[in-house]
Amino acid sequence: MSFARAGLRTLRSLPPSQVYRSSVLIHQRRLISDEARKLIDNAVQSNPLVVFMKGTPEAPQCGFSRAVCQILDVQGVPREKIVSYNCLEDQELRSAIKEYSEWPTIPQVYVKGEFVGGCDIVLSMHQSGELENLLIKEGLAPPLPEEEPAPKA
């Protein structure tokens, strides 16, 4: 039996949804240029905190990007620790980052090379305290000072 026939038999044994998902992923991997993939890889691997957003942290140009920046501010992340890329300035980056992360929306947050999520996930993590723990653990935000016990009267 030829290799191609064995592969076809394997594909036919998979559920259609899994075959579709695999073919979409293969197709997406081909859409992003090698140059764009290397650029994004380099950005997320060589910087501890990366935000792909619309606008800049100083001047966000969409409400979701603004919300992510405000959450990072509330968490105490210094602006100099945030490496941001304005996806409105580069159309290739705007589409490539969505393919790279397999996440359809911008903004996108990466911590230590790992995709954290978009605005909704970052907001949820902020509300649960999970984001604070992650940022402190990775040295991106200062730990909260310990509360001193109230003096007994």
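- Remark: Met125 CE to Ile71 CD1 distance equals 10.5 Å, nearest 0.5 Å.
- Of all heavy-atom pairs spanning Ile106 and Met53, the tightest one is CG2-CA, 3.6 Å.
- In terms of heavy atoms, Val122 sits closest to Gly117 at CG2-O, 4.1 Å.
- Note on Val111: it does not cluster hydrophobically with Phe64, by side-chain heavy-atom contacts below 4.5 Å among ILVMFWY residues.
- Nearest approach of Val68 to Cys119, heavy atoms of both residues: CG2-CA, 3.8 Å.
- Counting heavy atoms from C-beta on, the side chains of Tyr85 and Leu93 come closer than 4.5 Å.
- Every side chain to side chain contact (heavy atoms under 4.5 Å, CB included) that Glu132 has, sequence neighbours left out, goes to Gln75, Ile136, Leu144.
- Not counting sequence neighbours, the partners of Phe115 by the ring-ring contact (aromatic ring centres under 6.0 Å, His included) test are Trp103, Tyr110.
- Lys81 places no side-chain N or O within 3.5 Å of a backbone atom of Pro48 that could act as its donor or acceptor partner.
- Two residues are said to be in side-chain contact when any heavy atoms from C-beta on lie closer than 4.5 Å; Val51 and Pro57 fail this criterion.
- For Lys112, the salt bridge (charged side-chain N to carboxylate O under 4.0 Å, His left out) partners are Glu138, not counting sequence neighbours.
- In this structure the side chain of Val109 never reaches within 4.5 angstrom of the side chain of Ile121, judged on heavy atoms.
- Screening residues 117-137 for ring pair (Phe, Tyr, Trp, His ring centres under 6.0 Å), with sequence neighbours left out, gives no hits.
- Smallest separation of non-hydrogen atoms from Ala43 and Val50: O-CG2, 3.4 Å.
- A distance of 7.0 Å separates CG in Leu49 from CG in Leu135, rounded to the nearest 0.5 Å.
- The side chain to side chain donor-acceptor pair (under 3.5 Å) analysis of residues 46-69, with sequence neighbours excluded, yields no pairs.
- Contact detail for Ser33 and Glu92: the closest heavy-atom pair is OG-OE2, 2.9 Å.
- Phe52 is not connected to Leu88 by any chain of hydrophobic side-chain contacts under 4.5 Å among Ile, Leu, Val, Met, Phe, Trp and Tyr, and they are in different clusters.
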As a quick check of understanding, evaluate side-chain contact (heavy atoms from CB on, under 4.5 Å) for Tyr100 and Leu39, giving each step before the final call. CA-CA 11 Å; Tyr100 179 86; Leu39 214 118; over 6 Å; no
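- Residues Cys87 and Ile97 come closest through the heavy atom pair SG-CG2, 4.3 Å.
- No side-chain heavy atom of Asp120 sits under 4.5 Å from any side-chain heavy atom of Thr105.
- Distance CZ/Arg37 to CD1/Ile32: 4.5 Å, rounded to 0.5 Å.
- Between the NZ atom of Lys137 and the CD atom of Glu130 there is a distance of 10.5 Å, given to the nearest 0.5 Å.
- With sequence neighbours excluded, the residues forming a salt bridge (charged side-chain N to carboxylate O under 4.0 Å, His left out) with Asp73 are Arg79, listed by chain and number.
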